[in-house]
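Counting starts at 1 for both ligands and their atoms, in listed order. When reading the values below, keep in mind they use all heavy atoms of this one structure, side chains included, and skip hydrogens, waters and symmetry mates.
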Amino acid sequence: MISVDEALDHLFALVSPLETETVPLSEAGGRVLAADAVARRDQPPFAASAMDGYAARKDEVRPGATLTVIGEAAAGHGFGGPVGPGQCVRIFTGAPVPEGADHVIIQEDVTRTGDTITIGPDAGDNSHVRPAGGDFRIGDRLSAPRRLSAQDVALLAAMNIPQVEVSRRPAVALISTGDELVMPGEVPGPDQIIASNTFGLKTMLDQLGARPRILPIARDTRASLETAFDLAQGADLIVTIGGASVGDHDLVGDVAAGLGMERSFYKVAMRPGKPLMAGRMGEAVLLGLPGNPVSAMVCGHVFMAPMIRVMLGLGAHRATRKTARLAHDIGAGGPREHYMRAELRDGLITPEPRQDSALLSVLAHANALMIRPAGDGPRQKGEEVDYIDL
Ligand code: AMP
Ligand code: MG
């Protein structure tokens with residue numbers, strides 16, 4: 001058995017960044033930027049008013065002073081001429097500050113009579129002018145690689161970038177295996193259960209920015225598994241679920257090997273998730289996850305997600321670990337690295353009392369995977385432990 005970090009090294013050796021493609025900005029959210037995006041304009045492109053009020057010369061703004069209103073500047077419609085001594089221009093938010101003016105007196109600080117304003121006693125020093133290029137300038141960049149957030153997309157739009165180069169989304173084929181499985185919504189026979197991992201992993205892959213495809217459930221026969229692998233063609237990553245341990249009906253490794261899979265490892269010293277397997281299979285990479293629902297999801301977070309991130313060009317990194325303090329004392333751990341379902345609240349972490357790898361309700365309730373190293377000794381309340389966010 002190899003360690004989790006060794007397994008990750010093997011997995012990272014199997015995958016590499018995919019090619020890039022260009023997508024319109026409206027499709028760019030959640031995608032991974034593959035080439036720096038460079039601003040094509042200054043923002044704002046001119047000194048702009050941040051408030052509704054009157055644009056004037058700062059040295060003329062004194063309580064009690066009067067100015068003559070000579071015109072108007074609105075967003076999208078600037079005032080053509082300069083503002084001279086004793087003059088001001090009615091201005092609205094987003095309008096260009098006219099030549100000669102460098103200050104906006106907000107309308108609340110002014111009394112207007114006809115074309116004359118009188119400045120009130122509370123007009124402050126704030127100019128309410130957004131300088132040209134104060135947000136970004138031509139040539140400023142959003143650097144790749146970067147998963148594009150909603151904010152990023154808004155920024156790119158403001159930079160006048162209508163399309164961006166992003167990594168292609170990895171195509172992932174998800175194969176559940178087992179005679180006992182039926183799809184959600186079907187009527188299970190007396191000995192059957194519902195395939196759940198497939199849907200959990202599909203959601204995880206969607207959120208990672210992959211393009212997952214759920215294949216029909218493969219039965220525990222060679223022929224059925226071969227059909228499933230055949231249907232998986234074209235995928236960058238084939239993820240099988242179940243059938244990977246040493247039971248009589250665990251055929252995934254055998255069948256895949258028969259189809260040319262070069263296995264790079266089998267079995268990892270972790271809990272849950274020991275029967276994990278991976279290898280190259282033609283153009284694709286095969287990741288064989290354990291069938292137990294919690295094992296499959298934990299291995300999804302610990303192994304599958306980092307592989308997808310490599311393919312997206314985000315680099316080879318294990319799942320981000322954070323630290324929290326134990327809410328209670330805990331006894332000694334076991335010989336394998338343990339990913340415990342845990343609840344994190346106010347910086348304190350509590351492992352769930354039931355850690356059976358079949359309990360999806362416990363996993364769904366947890367919001368963290370607390371990581372105990374192999375052979376970890378007893379730990380006391382308040383000690384720092386590592387965890388992964390769920
Ligand atoms: P296996 O590795 O095939 O022996 O499966 C281990 C356990 O996980 C068994 O109890 C299976 O019924 C269960 N299992 C396997 N695949 C799935 C799946 N896609 N959804 C839910 N349970 C599964
Ligand atoms: Mg099975």
*Do Lys322 and Asp386 sit within salt-bridge range, that is, some charged N less than 4.0 Å from a carboxylate O?*
no

*Quick one: do the Gln107 and Arg90 side chains pair a donor with an acceptor below 3.5 Å?*
yes

*Is it true that the side chains of Thr68 and Asp115 contain a donor and an acceptor less than 3.5 Å apart?*
no

_Taking Asp254 first and then Arg222, would you say they form a salt bridge - that is, a charged N and a carboxylate O separated by under 4.0 Å?_
yes

*ring pair (Phe, Tyr, Trp, His ring centres under 6.0 Å) partners of Phe12, counting only residues at least two apart*: none

Please tabulate protein-ligand N/O pairs under 3.5 Å for ligand 1, atom names and distances to 0.1 Å.
| unit_1 | atom_1 | unit_2 | atom_2 | d |
| --- | --- | --- | --- | --- |
| ligand 1 | 2 (O) | Gly243 | N | 3.2 |
| ligand 1 | 3 (O) | Gly243 | N | 2.7 |
| ligand 1 | 8 (O) | Gly291 | O | 3.0 |
| ligand 1 | 8 (O) | Asn292 | N | 3.1 |
| ligand 1 | 12 (O) | Glu180 | OE2 | 2.4 |
| ligand 1 | 14 (N) | Gly291 | O | 3.2 |
| ligand 1 | 19 (N) | Ser176 | OG | 2.9 |
| ligand 1 | 20 (N) | Ser196 | N | 2.9 |
| ligand 1 | 20 (N) | Asn197 | N | 3.4 |

_Hydrophobic cluster membership, with links at side-chain heavy-atom distances under 4.5 Å among I/L/V/M/F/W/Y: are Leu287 and Met281 in one?_
no

